[in-house]
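I have placed the structure first, in the form of structure tokens, so that the comments after it can refer back to it.
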Amino acid sequence: NTLAAQYISKPQKQLCETVLKYFDRQYSEELGEQWWNARDVLLNPLSWQYGVLLNRFSDLTNLKQCLAELGYTNLLQQTHPESHSQTADIPLQCFIHPDPVRIPTQSHHTGWLKQYYLLNAASLLPVLALNVQEGENVLDLCAAPGGKSLAILQTATPGLLHCNEVDQHRHDWLLKTLESYVPPSLRHLLSVTLQDGRSIGTMQPGAYDKVLVDAPCSNDRSWLYTPDTHRGEMWLKERTQLPLLQKELLCSALAAVRPGGIVVYSTCTMSRAENQSVVEEVLASYPGVELQELEQQFIDSLSDHFCFAHLHPSVGQLVIPQKGKTWGPMYVSQLKKIY
Ligand code: SAM
């Protein structure tokens with residue numbers, strides 16, 4: 001029952017100067033001063049914080065107390081209890097620490113459920129924005145390795161959770177995640193598929209109450225640490241193709257959701273072309289869809305921990321890493337299908 005939290009002391013990862021130069025140019029123009037603060041965090045992996053998402057289906061005896069003794073606090077409970085924001089009644093529990101410490105990951109044992117999943121706490125934002133209710137039919141269009149599918153199951157018990165992934169290796173990883181955290185008695189609620197998410201909207205129009213598009217994107221954190229320059233340059237070229245794929249995935253999600261249903265679009269990049277521009281272009285081309293603002297109370301309740309960027313244009317929300325609040329990058333936008 002003893003749990004140790006350790007500072008990461010591994011040697012620094014290898015920084016890719018080509019990617020950094022590119023980010024400096026693009027993000028200083030798009031985010032101004034906010035980029036230089038985020039940059040300080042991104043360039044110092046030893047300062048990165050890790051969230052501990054508890055698995056409500058496992059035996060949590062002593063775990064919360066151990067975390068409290070180590071200095072962890074619950075991300076959602078400590079936020080303004082008087083507010084009626086959408087975080088008030090959900091059972092999801094994510095523990096965070098003010099320092100860049102992490103507890104060890106748990107290994108997979110057949111027949112045993114893991115107690116926690118380590119993640120960037122800002123990844124919970126799209127899941128909270130999805131606000132799944134008991135019994136709803138939910139599609140996680142780009143699901144591997146399964147962190148957000150798992151988080152969805154911590155917020156409510158859907159009638160169906162369809163987790164999809166296009167890549168075979170990542171699909172297998174997704175299956176393993178679900179097996180490690182979801183009890184056999186709930187597995188009938190899950191459907192896991194290996195498909196191109198762009199075709200699901202046409203195949204299953206209007207079938208879901210909620211759809212999450214956690215899109216493939218230029219992952220700012222990992223791209224900065226591309227091991228070789230050649231790969232970095234290739235990624236930067238591929239980057240120009242991503243907005244088209246993202247728009248197609250978002251359109252597929254809008255086709256798959258029922259009228260009145262919600263689609264949440266998220267990425268872990270700060271790039272305007274992959275965030276606001278994708279959403280704006282889809283809104284302009286897809287009739288009967290409205291942009292929803294996230295509740296101000298909800299944003300306020302998370303602002304003690306997450307630094308929300310000032311976006312131009314102001315479409316969706318972007319969490320950017322800052323000193324002491326190193327969560328993100330995470331962009332999230334909520335769309336409602338009217339008809
Ligand atoms: N939601 C995941 C989580 O929280 O663990 C992370 C998803 S990751 C940002 C994006 C995923 O989309 C990758 O696993 C990638 O293989 C997958 N992907 C890329 N193109 C896709 C497509 N056309 N259809 C479905 N998934 C796709």
Side-chain angles (χ1 to χ4, degrees), residues 50-53 55 92 94 105 114 116-130 132 138-155 158 161-182 190-204 208 210-223 235 238-257 263-271 274-275 278 282 316 318-319 327-333:
Y50 294 85
V52 182
L53 175 66
N55 182 15
L92 176 148
C94 179
T105 52
K114 293 189 188 181
Y116 56 83
Y117 185 90
L118 299 185
L119 80 183
N120 184 322
S123 338
L124 296 176
L125 195 62
V127 174
L128 295 171
L130 203 62
V132 171
V138 182
L139 168 62
D140 186 354
L141 196 64
C142 307
K148 295 189 188 63
S149 304
L150 199 63
I152 288 171
L153 291 168
Q154 305 303 317
T155 62
L161 177 58
H162 175 179
C163 308
N164 178 67
E165 169 57 47
V166 75
D167 177 89
Q168 175 76 59
H169 170 74
R170 291 178 67 87
H171 166 269
D172 296 348
W173 187 5
L174 168 66
L175 282 177
K176 204 158 178 188
T177 305
L178 294 170
E179 189 191 321
S180 301
Y181 290 91
V182 183
L190 305 177
S191 148
V192 183
T193 56
L194 175 63
Q195 281 171 358
D196 188 324
R198 289 173 288 187
S199 59
I200 292 186
T202 334
M203 282 169 9
Q204 293 175 275
Y208 299 93
K210 303 269 166 81
V211 181
L212 174 62
V213 187
D214 188 34
C217 67
S218 39
N219 181 325
D220 292 340
R221 277 195 196 230
S222 56
W223 282 32
W235 271 354
E238 284 170 21
R239 198 173 201 224
T240 56
Q241 315 292 317
L242 282 167
L244 177 61
L245 172 62
Q246 291 157 341
K247 278 179 246 171
E248 289 173 346
L249 286 164
L250 183 49
C251 286
S252 173
L254 287 166
V257 80
V263 171
V264 168
Y265 174 80
S266 59
T267 72
C268 55
T269 177
M270 294 179 276
S271 171
E274 296 178 49
N275 295 339
V278 166
V282 168
L318 174 67
V319 175
W327 314 107
M330 181 57 56
Y331 173 78
V332 55
S333 201

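Order of appearance sets the numbers: ligands from 1, and atoms from 1 within every ligand. These figures come from a predicted structure and were not determined experimentally. Each residue takes its place number in the sequence, starting with 1.
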| query | Could you state the interatomic distance from SG (Cys268) to CG (Asp220), rounded to the nearest 0.5 Å? | reply | 7.0 Å
| message | Using only atom types and a distance under 3.5 Å, with no angle test, would you say the side chain of Ser180 pairs donor to acceptor with the backbone of Lys176? | response | yes
Pairs under 3.5 Å, nitrogen or oxygen of ligand 1 with protein nitrogen or oxygen:
unit_1	atom_1	unit_2	atom_2	d
ligand 1	1 (N)	Cys142	O	3.1
ligand 1	1 (N)	Asp214	OD2	2.7
ligand 1	4 (O)	Lys148	N	3.1
ligand 1	4 (O)	Lys148	NZ	3.1
ligand 1	5 (O)	Pro145	N	3.4
ligand 1	5 (O)	Gly146	N	3.1
ligand 1	5 (O)	Gly147	N	2.9
ligand 1	14 (O)	Ala144	O	3.4
ligand 1	14 (O)	Glu165	OE1	2.7
ligand 1	14 (O)	Glu165	OE2	3.4
ligand 1	14 (O)	Arg170	NE	2.5
ligand 1	14 (O)	Arg170	NH2	3.1
ligand 1	16 (O)	Glu165	OE2	2.6
ligand 1	23 (N)	Asp196	OD1	2.9
ligand 1	24 (N)	Gly197	N	2.8

| query | For the side chain of Arg221 and the backbone of Gly328, is there at least one donor-acceptor N/O pair under 3.5 Å apart? | reply | yes
| query | Quick one: CZ on Arg170 to CD on Glu165, what's the gap to the nearest 0.5 Å? | reply | 5.5 Å
| Interatomic spacing from OH in Tyr265 to NZ in Lys247 - rounded to 0.5 Å | 9.5 Å
| message | Could you tell me if Arg239 and Ser218 have a donor-acceptor pair between their side chains, going purely by distance under 3.5 Å? | response | yes
